[in-house]
Amino acid sequence: MLRPRDTPTRERRSLNGLWDFALDPSGGGRAAAWWTQPLTGARQIPVPASYNDIFADASVRDHVGEVWYQTSVRVPERWAGARIMLRFDAATHRATAWVNDVQVVEHEGGYTPFEADVSDIVELGAENRITVAVDNRLSWQSIPPGYVEETPDGLRQRYFHDFFNYAGLHRTVWLYTTPRSHVADLTVVTGLEGAGGTVTYQVETAGGDPGEIRVALRDAEGAEVARATGGSGELTVEGVHAWRPGEGYLYELAVELWGAGASPVDAYGLPVGIRTVRVDGIRFLINDEPFYFTGFGKHEDSAVRGKAHDDALMVHDFALMEWLGANSFRTSHYPYAEEVLEYADRHGIVVIDETPAVGINMGLSGGIFGAQGFTTFSEETVNAATQEAHRQAIRELVARDKNHPCVVVWSIANEPESDTPESRAYFEPLAAETRRLDPSRPVGFVNVMLAPADKDVISDLFDVLMLNRYYGWYVDTGDLAAAERNLEAEVGAWVEKHGKPIIFTEYGADTVAGLHSVTPNPWTEEYQVDVLEMCHRVFDRIDAVVGEQIWHFADFATAPGIMRVDGNRKGVFTRDRRPKAAAHMLRKRWQNAP
Ligand code: GCB
């Protein structure tokens, strides 16, 4: 799915800003056709933002069900004859949108874009009303799963993941145009051979006769280095400047559709990084060179905005990672805003790209050890319909992100149940589907501590092992000698059984900034440093370990709980991005800084 861009044949208009907003606590908005009129009693709300923390109002923060957003937009007369699209970069977790009185689109899944052709619905040169109902409910058939409990005090959303259930219009809303006959999708796969590079491309068109398809590859200075005609083919680049970790060199693939006129009917430019990724035994290779991941599991999370994308915060987070010498991160536990991947492309930061499939494990409670009293896979819980939603989430992730050079691994789930025959039946087709959709990248899932090598029954389906381990925190708490011994023994068993590269995708300790101790004391800044250093000693002794991504980049919001102190405190930075002692230690390790 192509990201909207301004090109000689296309125009975009962001609808970001203040919209009207109303809760629908009784769920009566649809029956009363709220989209047909101005929202009564509405307050103004920023888009993009999670709605939860904007007002000083617990009924908004803890609302369960639909909320309504409304704005109006003047559609320029000059757009007559164009294909006019309404696109939501994300609405969490599902949405229905209307333009004027007409329903135009419905979408399930909180972190991938969706759009509608509204060419025949909008009135040109006039104000048009756009209304969106956004639903934050999670069910056994949603990804991620959850359930709504009816209590004497109202509805309560229960869920199985360890981050707050922020909701709303989290990313940009666009109105944009394309010509009627247009480039609908592009797929590139790149290769390297000696000093040369290849870009295999495929152009999908729609809306009538595309005419002649011309493609040109331009280098970062704008010089053309290869060209071709036709809807698919392979471009070769002599003396290629490869994309590599630390240097996000990008070409541009300029695609044009030509009719009989003197200018193209449609034009679209895609940034392309030429690089390869593959797994070879226990090595993870980028451009055929061994790569060692350093960095974090992150969240899209900050005060006030919740999970909304924000350019200032994004650039700051990347700056902090650069300051540390981190070369990678995982989009735990859902696809991030496309701006984030574009930034990573341009700056040579490596990404493990994850679906929103988190919490498919009833052995954990809110991501923390402690059974839920449910069976994970059953007719009543995670079932065939859930699996179908999961498959759809994978499809939408790959469709959106397949052309990003920064993405080097697909992570199809975080810490699912993976030690039962049911889990194998559930994951086997999903792993196969991911490979079918993209044979060019390694596929993995993130394994939970409850399913070590001797219990896990699905890791053979994947290319890399991604392990979340909390030795020194959830187990061997305060006893780092035992933690070090047990961690090393466990990794040894994985190496022996699978002989695949191992990336530690989570390890760490909750740490309250400002808490100190002269003896090893959980929650202190010193203890976080000790836990990380203990893990690093083990990683450095084992060749198959090819990556360390700490949990977590920054403290983040969670549902309330006695295991959480105003959220999860495993950040190396506080929620407002101030460094804890661990940040300085990591900078020495990753940056070799004095
Ligand atoms: C995990 C989960 C993550 C939690 C983390 C923790 O294993 O993947 O979502 O936040 O543990 O801090 O408990």
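This is a predicted model, so every value here is computed, not measured. Each ligand, and each atom within it, is numbered from 1 in the order the structure gives.
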Trainee: Could you tell me, atom by atom, which parts of ligand 1 come under 4.0 Å of a heavy atom of F556?
Mentor: 10 (O)
Trainee: I need the atoms of ligand 1 closer than 4.0 Å to a non-hydrogen atom of N568, numbered in the order shown.
Mentor: 6 (C), 10 (O), 12 (O)
Trainee: Run the ring-centre check on Y336 versus Y111 and record whether the distance is less than 6.0 Å.
Mentor: no
Trainee: To the nearest 0.1 Å, how far is atom 4 (C) of ligand 1 from its closest protein heavy atom, and which atom is that?
Mentor: D162 OD2, 3.3 Å
Trainee: Is N414 touching ligand 1 with its side chain, its backbone, both, or neither, if touching means heavy atoms under 4.0 Å apart?
Mentor: side chain
Trainee: Does ligand 1 have an atom that lies less than 4.0 angstrom from a heavy atom of Y474?
Mentor: yes
Trainee: For side-chain hydrogen bond (donor to acceptor under 3.5 Å, both in side chains), just list the numbers for T92 and H170, CA-CA rounded to whole Å, side-chain angles, deciding distance to a tenth of an Å, and then say yes or no.
Mentor: CA-CA 7 Å; T92 312; H170 281 153; 2.7 Å; yes
Trainee: Identify, by atom number and element, the atoms of ligand 1 in contact range of N468, meaning under 4.0 Å from any of its heavy atoms.
Mentor: 7 (O), 8 (O)
Trainee: Of all residues at least two apart in sequence or in a different chain, which pass the ring-ring contact (aromatic ring centres under 6.0 Å, His included) check with W551?
Mentor: H299, H333, F556
Trainee: Could you tell me whether K500 and D463 have a side-chain N and a carboxylate O separated by less than 4.0 Å?
Mentor: no
Trainee: For the ring pair Y426 and F377, is the centre-to-centre distance below 6.0 Å?
Mentor: yes
Trainee: Answer with yes or no whether R564 contacts ligand 1, where contact means a heavy atom under 4.0 Å from a ligand atom.
Mentor: yes
Trainee: My understanding is that we take every heavy atom of each candidate and find the minimum distance to atom 9 (O) of ligand 1. Doing that for H161, H333, R469, E415, which one comes out nearest?
Mentor: H333
Trainee: Identify the closest protein heavy atom to atom 2 (C) of ligand 1: which residue and atom is it, and at what distance?
Mentor: E506 OE1, 3.2 Å
Trainee: At the 4.0 Å heavy-atom cut-off, does Y507 count as touching ligand 1?
Mentor: no
Trainee: May I have all residue pairs that pass ring-ring contact (aromatic ring centres under 6.0 Å, His included) and include part of residues 564-587, sequence neighbours excluded?
Mentor: W323-H584, F553-F573
Trainee: If the threshold is 4.0 Å, N to carboxylate O, is there a salt bridge linking R3 and E342?
Mentor: yes
Trainee: Considering only the protein, which heavy-atom contact is closest to atom 12 (O) of ligand 1, and what is its distance?
Mentor: K570 NZ, 2.5 Å
Trainee: For Y470, is the nearest heavy atom under 4.0 Å from an atom of ligand 1?
Mentor: yes
Trainee: Are W410 and F462 near enough that their ring centres are under 6.0 Å apart?
Mentor: no
Trainee: Taking the ring of Y147 and the ring of F374, is the distance between their centroids below 6.0 Å?
Mentor: yes
Trainee: For ligand 1, indicate whether the residue H552 contacts it via side chain, backbone, both or neither (heavy-atom separation under 4.0 Å).
Mentor: neither
